[in-house]
Peer 1: 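Got a structure for you, written out below as structure tokens; questions coming shortly.
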Amino acid sequence: AGYFIDMPGPGGGEGGDYYCDANFVGGQWCPEYDTLESNKYTIAGTLHTCSGSPGNWWECDRGGCQNNAFYVDSNMYCPEDRCTINTNKPFLVSHYQTAEFANIWMQQEGREASFNFCSD
């Protein structure tokens, strides 16, 4: 997984490390952007938004706005040759975002696959 959070949290938190995220880990809320979450069966991106303002977040959408390769096309990404991206072999992955959408793009052996998530 690769993700960004709005650290530091407003206080030390439960662990004293100022960690915060959209799931209240450490006892503090803050926005979280999961740019890449994956295993060999699917790949996803998730944007979590919060109510409040920097240093004063009071609630976040734990589930977030997400899309993943399996939801778009069950043959896009899996550990088998039938899939566009066979996760048992090396492949290239890229993340791109604008103000309107975020995209995960992949390439393997001349084949390409991509999907958007959190489109505005």
Peer 1: Kindly indicate, with the supporting measurements, whether the criterion side chain to side chain donor-acceptor pair (under 3.5 Å) is fulfilled by Glu37 and Tyr3.
Peer 2: CA-CA 8 Å; Glu37 302 169 287; Tyr3 67 100; over 6 Å; no
Peer 1: Under 4.5 Å between side-chain heavy atoms, counting indirect links through other Ile/Leu/Val/Met/Phe/Trp/Tyr residues: same cluster for Leu47 and Val93 or not?
Peer 2: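 Cluster IDs for Leu47 and Val93 match.
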Peer 1: Check for me, please, whether Leu36 and Ile85 land in the same ILVMFWY cluster - side-chain distances under 4.5 Å, paths through other members count.
Peer 2: yes
Peer 1: Are side-chain heavy atoms of Asn67 and Asn116 found at a separation under 4.5 Å?
Peer 2: no
Peer 1: Under 4.5 Å between any side-chain heavy atoms of Cys118 and Phe101, yes or no?
Peer 2: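 The answer is no, as the side chains (C-beta and beyond) never meet within the 4.5 Å cut-off.
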Peer 1: With the side chain counted from C-beta on, respond yes when Ile43 and Ile104 share a heavy-atom pair under 4.5 Å apart, and no when they do not.
Peer 2: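 Yes, at least one pair of side-chain atoms sits under 4.5 Å.
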Peer 1: Output the distance between atom SG (Cys78) and atom CG (Asp73), rounded to the nearest 0.5 Å.
Peer 2: 9.5 Å
Peer 1: Atom CD of Glu32 and atom CG of Asn23: how far apart are they, to the nearest 0.5 Å?
Peer 2: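 The distance works out to 6.0 Å.
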Peer 1: Any side-chain heavy atom of Phe117 sitting closer than 4.5 Å to one from Cys65?
Peer 2: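 Answer no - side chains too far apart.
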Peer 1: Are Phe115 and Asn103 close enough that some pair of their side-chain heavy atoms sits under 4.5 Å apart?
Peer 2: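 Phe115 vs Asn103: side chains apart.
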Peer 1: As a quick check of understanding, evaluate side-chain contact (heavy atoms from CB on, under 4.5 Å) for Lys89 and Asp81, giving each step before the final call.
Peer 2: CA-CA 9 Å; Lys89 300 176 182 179; Asp81 283 333; 3.4 Å; yes
Peer 1: For the residue pair Thr84 and Ala113, what are the closest heavy atoms and their distance?
Peer 2: CG2-CB, 4.0 Å
Peer 1: Under a 3.5 Å distance rule, please check whether Asn68 uses its side chain to pair with a backbone N or O of Tyr71 as donor and acceptor.
Peer 2: yes
Peer 1: Parallel, tilted or perpendicular: which describes the rings of Tyr77 and Phe91, with under 30° parallel and over 60° perpendicular?
Peer 2: perpendicular
Peer 1: Looking only at heavy atoms, what is the nearest atom pair of Val25 and Tyr19, with distance?
Peer 2: O-CD2, 3.7 Å
Peer 1: Could you tell me whether His48 and Phe4 have their ring centroids closer than 6.0 angstrom?
Peer 2: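 Here the rings of Phe4 and His48 have centres that are no less than 6.0 Å from each other.
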Peer 1: Supply the atom-to-atom distance Asp17 CG to Gln28 CD, rounded to the nearest 0.5 angstrom.
Peer 2: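 Here the rounded value is 8.5 Å.
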Peer 1: Less than 2.5 angstrom apart at the SG atoms, yes or no, for Cys30 and Cys20?
Peer 2: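 Yes, because the SG atoms of Cys30 and Cys20 sit under 2.5 Å apart, which meets the disulfide cut-off.
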Peer 1: Any non-hydrogen side-chain atom of Met76 less than 4.5 Å from a side-chain atom of Met106?
Peer 2: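 In contact.
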Peer 1: Distance from Asn88 atom CG to Lys40 atom NZ, nearest 0.5 Å?
Peer 2: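 Answer for the CG-NZ pair, Asn88 versus Lys40, is 6.0 Å.
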Peer 1: If the condition is salt bridge (charged side-chain N to carboxylate O under 4.0 Å, His left out), which residues does Arg62 pass it with, not counting sequence neighbours?
Peer 2: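 Result, salt bridge (charged side-chain N to carboxylate O under 4.0 Å, His left out) vs Arg62: none returned.
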Peer 1: Look at atom CZ of Phe70 and say whether more than 12 heavy atoms of other residues, nucleotides or ligands are closer to it than 6.0 Å.
Peer 2: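 Open.
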Peer 1: Tell me, do Gln107 and Trp105 make a side-chain contact under 4.5 Å, heavy atoms counted?
Peer 2: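 Gln107 vs Trp105: side chains touch.
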Peer 1: Rounded to the nearest 0.5 Å, what's the gap from CH2 on Trp29 to SG on Cys60? Could you check?
Peer 2: 5.5 Å
Peer 1: Answer yes or no: is there a donor N or O on one side and an acceptor on the other, between the side chain of Asp6 and the main chain of Pro31, under 3.5 Å?
Peer 2: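 No, the answer is negative, given that no donor and acceptor are paired below the 3.5 Å cut-off.
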Peer 1: If you round to the nearest 0.5 Å, how far is CD of Gln108 from OG1 of Thr87?
Peer 2: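 Thr87 OG1 to Gln108 CD: 8.5 Å, rounded to 0.5 Å.
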